[in-house]
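Remember, predicted model here, so these are calculated numbers, not experimental data. Throughout, numbering of the chain's residues begins at 1 and tracks the sequence.
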Amino acid sequence: MNLPLPFPASLRPGLAVALVLLLALTGPLTPASAGDDWQGLHGRVSRGELVPMTAILDWLEAHYAGQVLEVELEHDDGRLIYEVEMLGPRGQRVEFEFDAASGELIGIEGVGIDDMRRRP
């Protein structure tokens, strides 16, 4: 049975790989590690304090061509940052940083970024 996923179809294969890699690097989630942190983050998204990751991925798909390689949520100078690494059509790796509270794009690092931009 195929259930609809909340991610754009073009991002799903890369996102699946990213999630598997993230779990492989961090190890299995135990009740102690998965409990309060994930529940707290879910609550913050539900209350509108944090932008849902799906909104970030939708924005990226609309503005940049490529596949998601890795997704991280990090603390940086007292705020939460979404970091999304993408593989561009020419094999370039580009990292996008978004403020998790506002959804604002706050940084892009990489080579060949202009080649990834979708043109209207």
Side-chain angles (χ1 to χ4, degrees):
M1 169 177 14
N2 288 336
L3 297 175
L5 296 175
F7 305 105
S10 65
L11 296 179
R12 289 181 193 149
L15 184 59
V17 170
L19 291 174
V20 168
L21 289 174
L22 183 61
L23 288 174
L25 293 173
T26 60
L29 292 177
T30 63
S33 67
D36 294 336
D37 291 341
W38 289 105
Q39 289 174 355
L41 288 172
H42 177 70
R44 291 181 70 185
V45 170
S46 297
R47 290 187 302 272
E49 296 172 16
L50 298 177
V51 173
M53 177 54 73
T54 54
I56 301 296
L57 295 176
D58 287 346
W59 186 91
L60 278 170
E61 182 179 36
H63 292 88
Y64 291 90
Q67 290 187 336
V68 173
L69 296 176
E70 184 177 11
V71 176
E72 294 180 4
L73 178 64
E74 294 193 0
H75 289 273
D76 188 15
D77 292 330
R79 67 180 178 176
L80 287 173
I81 305 293
Y82 289 126
E83 291 183 358
V84 181
E85 185 176 344
M86 290 182 70
L87 180 66
R90 295 186 324 151
Q92 67 270 47
R93 289 176 173 253
V94 176
E95 183 177 283
F96 298 85
E97 291 186 348
F98 295 86
D99 182 285
S102 68
E104 176 186 3
L105 177 64
I106 56 175
I108 303 175
E109 294 179 8
V111 177
I113 296 166
D114 284 338
D115 294 337
M116 293 177 64
R117 290 185 203 272
R118 294 191 190 272
R119 309 289 184 232

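- With hydrophobic clusters built from ILVMFWY side chains whose heavy atoms lie under 4.5 angstrom apart, Val51 shares a cluster with Trp38.
- Considering only heavy atoms from C-beta on, Val71 stays 4.5 Å or farther from Ile56 through its side chain.
- Proximity of a side-chain donor or acceptor of Gln92 to a complementary backbone N or O of Arg90 within less than 3.5 Å is detected.
- Going from atom OH of Tyr82 over to atom CG of Leu57 covers 9.5 Å, rounded to the nearest 0.5 Å.
- In terms of the ring pair (Phe, Tyr, Trp, His ring centres under 6.0 Å) criterion, residue partners of Phe98 (sequence neighbours excluded) are, by chain and number, Trp59.
- Judged by distance alone, with hydrogens and angles left aside, the side-chain atoms of Arg44 form no donor-acceptor pair with the main-chain N or O of Ala101 at under 3.5 Å.
- Taking all atoms of both residues into account, the shortest heavy-atom contact from Arg119 to Asp114 is NH2-O, 3.1 Å.
- A continuous path of hydrophobic side-chain contacts links Ile108 to Met86 [ILVMFWY only; heavy atoms under 4.5 Å].
- If you take CG on Asp99 and CD1 on Ile106, they are separated by 5.5 Å, rounding to the nearest 0.5 Å.
- Tested against Arg93, the residues Glu70, Glu109, Glu85 include a single salt bridge (Lys or Arg N to Asp or Glu O under 4.0 Å) partner, Glu85.
- By the rule that hydrophobic residues join a cluster once side-chain heavy atoms approach within less than 4.5 Å of another member, Leu73 and Val68 end up as members of one cluster.
- Once rounded to the nearest 0.5 Å, the distance linking CD of Glu95 with CD1 of Ile113 reads 10.5 Å.
- In the hydrophobic cluster analysis, where Ile, Leu, Val, Met, Phe, Trp and Tyr join through side-chain heavy atoms closer than 4.5 angstrom, Val84 is grouped apart from Ile81.
- Scanning all heavy atoms of the two residues, the minimum distance from Pro89 to Asp115 falls at CG-O, 4.2 Å.
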Handout entry: Derivation and outcome, side-chain hydrogen bond (donor to acceptor under 3.5 Å, both in side chains), residues Arg117 and Tyr64
Key = CA-CA 4 Å; Arg117 290 185 203 272; Tyr64 291 90; 2.7 Å; yes
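- Atom CD of Glu97 is separated from atom CG of Leu105 by 9.0 Å, given to the nearest 0.5 angstrom.
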